J.: 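Okay, handing you the structure first.
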Amino acid sequence: MNPLKVFNTLTGSKVVFEPLIPGQVRMYVCGVTVYDECHLGHARSALVFETIRRHLEHSGLAVTFVKNFTDVDDKIINRAHELGLPWQEVTKKYIAAYYRDMKRLRIEQATIEPKATEHMPEITGLIQRLLDKSVAYQIGSDVYFQVERYAPYGRLSKRKLEDMQAGARVEVDERKRHPMDFALWKGAKPGEPAWPSPWGDGRPGWHIECSAMSMKHLGETFDIHGGGADLIFPHHENEIAQSCAATGKEFARYWLHNGFVQINQEKMSKSLGNFFTIREIFEKSEWPEEITGEILRYFLLTNHYRSPLDFSDQGLREAKYALDGFYDLFNRLKETAKTEGPGNEKLTAVIEQTHFAFEQAMDDDFNTPAAIAELQGFRSEANKLLETGLSTQAREQARQTFRLLGSVMGLFQLEKWQFNVDLSDIGVKGLTDADIKSKVEKRDEARRRKDFKRADEIRAELAALGIIIEDKTDGTTRWKR
RNA sequence: GGCGCCGUACCCAAGUGGCUAAGGGAGCAGUCUGCAAAACUGCGAUGCAGCGGUUCGAACCCGCUCGGCGCCUCCA
C-alpha cells in the first residue's frame, strides 16, 4: 500500500500522514459563520474536506470528523440589526440554508457538527486555564491572549511578530499589551448576545471556540485541522497559540488548507462583490438539481484542492460534457450483451490497474485531478472493450468500478442522467418514455422500409423535444434525453 | 513594507530532477452509419512566461526579469 502523503501547512511540505492512533483519524474543519448564504468558496471547502474524509475512510481508516458552526459573532449581530431580527433567528435561518445547499451538493454531514453557543462552559473553562497560566489577561470584561507569552507564535503562517507590527493596518487598542494580542472573551454591550462568565457577561472571541470544541470532541492533540487558506492567519495561528499555551501539548498535527475560488483571477469574496452563492448557481442552472450537483462536484474536483480555481460558465460546461461521456458509457454498460465478451479478461486487468493508479493519485495529497484522469482513462478503455465485446456481467463489473471509485469523490452515483436541456420549463411539452419508445419504433420501421425521409422527420421531431437518438449496429435504436 | 503562491498546447489541467511532457474539452482528418449521433483511430507543445546558472541530465533546483494573485483587517 502507498503511504498517504499530505501537504502540511505547518511544515510547508508534503509529508507522510500517520495518525496518532493507528487506524483512526480525528479531523476538525472550520465550518461557516452563519450570517449569510454560502457561496461557491464555501462549497469548495466543504467538498474538499468531505472528499478527504471519504478517501481516508476508503483507505480503511476510522474517521471522526468535526465541523463547526460559528453561531455567535459580530457579523451575526450586525446582520440581525440589518434584518431587524433576533440574532438567533439569523443563525437559524442560515444554518437551514447551509444544510439546503449541502444537500444539493450531496455533501454528507460530519460526524459531529458543534455550535459555539452550545459550548460556553468549555470556552470559558479554556479561557480560565489561559488566565491561570498568565498567558492571558483581563481588561474590564474583556480577556486577551498575550501573544508574546507564546514563543512560537507565527509558526503556522511563517511570520514574525516584528514583521506584523510593521505592516499592521489595524487600529490598535491602546490597552492591549501587544498590538497582536487578540480577544478571547468580549464583554457584552447592552442588547448583545451574552453568556455569564467570571469576567462579566459577554461572548467568546472568534478563535477560542474552535480550540474549545475541537479539544472537547477530539482531545487536546488530534490529527488534522483544515479550512480555507484565508484562515491560516490569524484564525489558525491563534488557535494554535491558545491551545498549545493552555495544554502544553501539540494541538493539530497536520494543517490542511484549500485554495480560493476566483472569478477572473480574483478571489471571490463578499467585499469585492464578485461571488456566486450556491443557491443562485442551482437556481440559474438549466439542469435539474441532481445533475447540477454532480456538475459542480466534478468541476470543483478537477482542480487540485490547494490551487486557486477560476469559476466560469465554460468550466461548468466542460464538466457537463465530461460527465456526459461517463454517463453515456454507463448507459451502454447497462445494455445486455447477446454474446460472450472477448474483452472480459482484459477488463479485469484494466480495472485492477485503474484501481491502483486511482488510489495512488488520491494518496498523493488528494490529487483529485489526477484521480479523475485515471477514471477518464478507464472510460476510454471501457469504450474500446465494449467495441470488442463485453459480457453482461463484465459490463456490470465495469459500472461497479466507476461507482466504487467515484464514491470517493461522490461522483457517478446517479442512476439517471440528463444529456440534453430540459425544455419542459419553457413550455415545450415533455414526452413520456412510452411515447418516445413508440416514436422510436415507428422510426425504426420507416428505416426498415428505407423511408429515410420519414425516419429523419421523426428524429427531428424528437430532437426538438430534447431527445437524442443513436442507431445501434443491430438495427435497433437507443435514445436519451 | 513583511510573508507566500502562481505562470505547462486554442481552453481546462496533472507532472516538481532522468523512458516519446498524463488526462479531458474544442478543432481537423479518417473508420462506422442511408444520413446522423455515440464510440474508435490518427494529427496536435522539439517545448513548460523570459534570460542566465547548477547538473552527465531541469518544466521541475538556484538567481534575476516580466506578468498575475493571495495573506498581513472579517473572510472557505
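Worth knowing before you read on, the calculation uses all heavy atoms, side chains too, and leaves out hydrogens, waters and symmetry mates. Letters go in sequence order (proteins before strands), and every chain restarts at 1. Note that the structure is predicted; figures quoted are calculated from it, not measured.
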J.: In whole Å, what separates the P atom of B:G30 from that of B:G67?
T.: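 One P to the other, the span is 46 Å.
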J.: Can you name the side chain to side chain contact (heavy atoms under 4.5 Å, CB included) partners of A:Asn264, sequence neighbours left out?
T.: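 For A:Asn264 there are no side chain to side chain contact (heavy atoms under 4.5 Å, CB included) partners, ignoring immediate neighbours.
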J.: Which part of the nucleic acid does A:Gln262 contact within heavy-atom distance under 4.0 Å: base, sugar-phosphate only, or nothing?
T.: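 Sugar-phosphate, backbone atoms only, no base.
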J.: Is it the case that atom CG in A:Asp313 sees more than 12 heavy atoms from other parts of the structure closer than 6.0 Å?
T.: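 No, the 6.0 Å shell around CG holds no more than 12 heavy atoms from other groups.
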J.: Counting only side-chain heavy atoms from C-beta out, which of B:A38, B:G25, B:A22 sits nearest to A:Asp328?
T.: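 For A:Asp328, the side-chain atoms sit closest to B:A38.
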J.: Check the phosphate of B:A76 against A:Lys67, side-chain N and O only, distance under 4.0 Å to OP1 or OP2. Yes or no?
T.: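 No.
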J.: Is it true that A:Asp364 and A:Lys14 make a salt bridge, defined as a side-chain N closer than 4.0 Å to a carboxylate O?
T.: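 Yes, this pair counts.
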J.: Just say parallel, tilted or perpendicular for the rings of A:Tyr327 and A:Trp417, cut-offs at 30° and 60°.
T.: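 The rings of A:Tyr327 and A:Trp417 lie parallel, inter-plane angle below 30°.
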J.: Using the P atom in both, what is the distance from B:C40 to B:U46, to the nearest Å?
T.: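 Approximately 27 Å lies between the P atom of B:C40 and that of B:U46.
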J.: Under 4.0 angstrom, heavy atoms only, what part of the nucleic acid is A:Arg448 near: base, sugar-phosphate, or nothing?
T.: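 Nothing: the residue A:Arg448, judged by heavy atoms under 4.0 Å, touches no strand.
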J.: My understanding is that only one of A:His42, A:Arg279, A:Lys93 makes a side chain to side chain donor-acceptor pair (under 3.5 Å) with A:Glu37; could you say which?
T.: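 By the side chain to side chain donor-acceptor pair (under 3.5 Å) criterion, A:Glu37 pairs with just one of A:His42, A:Arg279, A:Lys93: A:Arg279.
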J.: By nearest atom, which of the nucleotides B:C40, B:A76, B:G70 is closest to the A:Thr33 side chain?
T.: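 Closest nucleotide among those given: B:A76.
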J.: List in chain and number order the residues that pass side-chain hydrogen bond (donor to acceptor under 3.5 Å, both in side chains) with A:Asn383, two or more places apart in sequence or in another chain; answer none if no residue qualifies.
T.: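 A:Asn383 satisfies side-chain hydrogen bond (donor to acceptor under 3.5 Å, both in side chains) with A:Arg332 once adjacent residues are dropped.
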J.: Looking at every strand, decide which applies to A:Val261 at a 4.0 Å heavy-atom threshold: base, sugar-phosphate, or nothing.
T.: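 A:Val261: base contact, heavy atoms under 4.0 Å.
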J.: For A:Arg332, report the nucleic acid contact type (base, sugar-phosphate, nothing); a contact means any heavy atom under 4.0 Å.
T.: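 Result for A:Arg332 = sugar-phosphate.
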J.: Among the candidates B:C35, B:G25, B:A13, find the nucleotide nearest to the side-chain atoms of A:Glu318.
T.: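 In terms of side-chain proximity for A:Glu318, the closest of B:C35, B:G25, B:A13 is B:G25.
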J.: Whether the side chain of A:Asp471 and the base of B:C35 hold a donor-acceptor pair under 3.5 Å is what I'd like checked.
T.: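 Check passes, donor-acceptor contact within cut-off.
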J.: Treating a pair as Watson-Crick (purine N1 to pyrimidine N3 plus N6-O4 or O6-N4) or G-U wobble (N1-O2 and O6-N3) with both distances under 3.5 Å, list the stems of 3 or more consecutive pairs that involve RNA chain B.
T.: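 Counting only runs of 3 or more consecutive pairs, the stems involving RNA chain B are B:1-7 with B:66-72, B:10-12 with B:23-25, B:27-31 with B:39-43, B:49-53 with B:61-65.
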J.: The criterion is side chain to side chain contact (heavy atoms under 4.5 Å, CB included); which residues satisfy it with A:Lys480, sequence neighbours excluded?
T.: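 Checked A:Lys480 against side chain to side chain contact (heavy atoms under 4.5 Å, CB included); matches are A:Asp328, A:Phe419, A:Ile468, A:Glu470.
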J.: Can you confirm whether the side chains of A:Asp73 and A:Thr33 place a donor and an acceptor under 3.5 Å from each other?
T.: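 The answer is no; no qualifying pair exists.
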J.: What's the closest nucleotide to the side chain of A:Asn303 if the choices are B:A13, B:A76, B:A39?
T.: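 Selected nucleotide (nearest to the side chain): B:A13.
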J.: Would you mind classifying the nucleic acid contact of A:Gly227 as base, sugar-phosphate or nothing, using non-hydrogen atoms under 4.0 angstrom?
T.: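 Touches sugar-phosphate only.
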J.: Roughly how far apart, to the nearest Å, are B:G63 and B:G27 at atom P?
T.: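 Approximately 44 Å lies between the P atom of B:G63 and that of B:G27.
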J.: Compare the minimum distances between each of B:A76, B:C35, B:A14 and the side chain of A:Asp456, then state the nucleotide with the smallest one.
T.: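 Among the listed nucleotides, the one closest to the side chain of A:Asp456 is B:C35.
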J.: A cation-pi test, strictly: NZ or CZ of A:Arg379 under 6.0 Å from the centre of the six-membered ring of A:Phe326 and no more than 45 degrees from its axis. Yes or no?
T.: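 Yes, a cation-pi geometry.
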J.: Could you go over nucleotides 41-43 of chain B and give all protein N or O partners under 3.5 Å, atom names and distances?
T.:
{"from": "B:U41", "atom 1": "OP1", "to": "A:Lys384", "atom 2": "NZ", "distance (Å)": "3.1"}

J.: Does A:Lys103 have more than 12 heavy atoms from other residues, nucleotides or ligands lying within 6.0 Å of its NZ?
T.: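 Atom NZ in A:Lys103 is not packed in, count stays at 12 or less.
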J.: Report the nucleotide, chosen from B:A14, B:A76, B:C74, that has the shortest atom-to-atom distance to any side-chain atom of A:His39.
T.: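 So the nucleotide nearest the side chain must be B:A76.
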J.: Who are the side-chain hydrogen bond (donor to acceptor under 3.5 Å, both in side chains) partners of A:Tyr254, not counting sequence neighbours?
T.: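 side-chain hydrogen bond (donor to acceptor under 3.5 Å, both in side chains) check on A:Tyr254 returns nothing, list empty.
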J.: Would you classify A:Phe233 as touching base, sugar-phosphate or nothing, given that sugar-phosphate means primed atoms plus P, OP1 and OP2, and contacts are heavy atoms under 4.0 Å?
T.: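 Result for A:Phe233 = sugar-phosphate.
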J.: Roughly how far apart, to the nearest Å, are B:G47 and B:A9 at atom P?
T.: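 Approximately 13 Å lies between the P atom of B:G47 and that of B:A9.
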J.: Do the charged groups of A:Glu209 and A:Lys115 touch, with an N to O distance under 4.0 Å?
T.: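 No.
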J.: On RNA chain B, check which nucleotide each of A:Ile468 and A:Gln376 is closest to and give me the residue with the more 5' one.
T.: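 On the 5' side of the pair lies A:Gln376.
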J.: Detail all sub-3.5 Å separations between protein N/O atoms and N/O atoms belonging to nucleotides 28-31 of chain B.
T.:
none

J.: Quick check: on RNA chain B, is the nucleotide nearest A:Arg478 upstream (toward 5') of the one nearest A:Arg443, or the reverse? Name the residue that is more 5'.
T.: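 Per heavy-atom nearest nucleotide, the more 5' residue is A:Arg443.
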J.: In whole Å, what separates the C1' atom of B:G42 from that of B:C51?
T.: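 These two C1' atoms come out 38 Å apart once rounded.
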J.: Which part of the nucleic acid, if any, lies within reach of A:Gly12 when heavy atoms closer than 4.0 Å are counted: base, sugar-phosphate only, or nothing?
T.: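 It contacts nothing in the nucleic acid.
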J.: Any chance NZ of A:Lys439 has more than 12 other-residue heavy atoms, nucleotides or ligands included, within less than 6.0 Å?
T.: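 No - once you tally the heavy atoms of other residues, nucleotides and ligands closer than 6.0 Å, there are 12 at most.
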J.: Residues two or more places apart in sequence or in another chain: which of them pass side chain to side chain contact (heavy atoms under 4.5 Å, CB included) with A:Thr292?
T.: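 Side chain to side chain contact (heavy atoms under 4.5 Å, CB included) list for A:Thr292, sorted by chain: A:Phe282, A:Ser285, A:Trp287.
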J.: Check nucleotides 59-61 of chain B for protein N or O atoms closer than 3.5 Å to its own N or O atoms and list the pairs.
T.:
none

J.: Is it the case that over 12 heavy atoms from other parts of the model lie below 6.0 angstrom from the CD atom of A:Glu148?
T.: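 Enclosed.
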J.: Any base atoms under 4.0 Å from A:Glu470, or only sugar-phosphate, or nothing? Heavy atoms, all strands.
T.: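 Counting heavy atoms under 4.0 Å across all strands, the contact made by A:Glu470 includes a base.
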J.: For the side chain of A:Phe260, counting heavy atoms from C-beta on, which of B:C71, B:A14, B:A37 is nearest?
T.: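 Closest nucleotide among those given: B:C71.
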J.: On a whole-Å scale, what distance lies between the P atoms belonging to B:A22 and B:G44?
T.: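 Looking at atom P only, B:A22 and B:G44 are 12 Å apart.
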J.: Who passes side chain to side chain contact (heavy atoms under 4.5 Å, CB included) against A:Gln360, sequence neighbours left out?
T.: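 Applying side chain to side chain contact (heavy atoms under 4.5 Å, CB included) to A:Gln360 gives A:Asn2, A:Phe356.
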J.: Please state the C1' separation for the pair B:C10 and B:G2 - nearest whole angstrom.
T.: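 These two C1' atoms come out 40 Å apart once rounded.
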J.: Counting heavy atoms from C-beta on, name the nucleotide in B:C35, B:G25, B:C71 closest to the side chain of A:Arg459.
T.: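 Nearest to the side-chain atoms of A:Arg459, counting from C-beta on, is B:C35.
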J.: Just the atom pairs and distances: protein N or O near nucleotides 3-8 of chain B's N or O, under 3.5 Å.
T.:
{"from": "B:C3", "atom 1": "O2'", "to": "A:Lys158", "atom 2": "O", "distance (Å)": "3.3"}

J.: Tell me, please, which residues at least two apart from A:Glu239 pass side-chain hydrogen bond (donor to acceptor under 3.5 Å, both in side chains).
T.: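 By the side-chain hydrogen bond (donor to acceptor under 3.5 Å, both in side chains) rule, A:Glu239 matches A:His225, A:His235.
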J.: If you check every side-chain atom of A:Lys480, which of B:C69, B:A38, B:A76 has the closest atom?
T.: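 Nearest to the side-chain atoms of A:Lys480, counting from C-beta on, is B:A38.
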J.: Are A:Phe251 and A:Phe222 close enough that their ring centers fall under 6.0 Å?
T.: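 Yes; A:Phe222 has its ring centre under 6.0 Å from that of A:Phe251.
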J.: Which part of the nucleic acid, if any, lies within reach of A:Gly41 when heavy atoms closer than 4.0 Å are counted: base, sugar-phosphate only, or nothing?
T.: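 Counting heavy atoms under 4.0 Å across all strands, the contact made by A:Gly41 includes a base.
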J.: In whole Å, measure the gap between the C1' atoms of B:G53 and B:A14 for me.
T.: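 The same atom, C1', in both gives a distance of 28 Å.
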J.: Closest to the A:Pro234 side chain: B:C74, B:A76, B:G25?
T.: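 Closest nucleotide among those given: B:C74.
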J.: Using a 4.0 Å heavy-atom cut-off, does A:Ile469 contact any base of the nucleic acid, only the sugar-phosphate backbone, or nothing at all?
T.: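 Base: the residue A:Ile469, judged by heavy atoms under 4.0 Å, touches a nucleobase.
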J.: Only one of A:His236, A:Lys158, A:His257, A:Arg306 clears side chain to side chain donor-acceptor pair (under 3.5 Å) with A:Thr9; which?
T.: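 That would be A:His257; it is the only one of A:His236, A:Lys158, A:His257, A:Arg306 passing the side chain to side chain donor-acceptor pair (under 3.5 Å) with A:Thr9.
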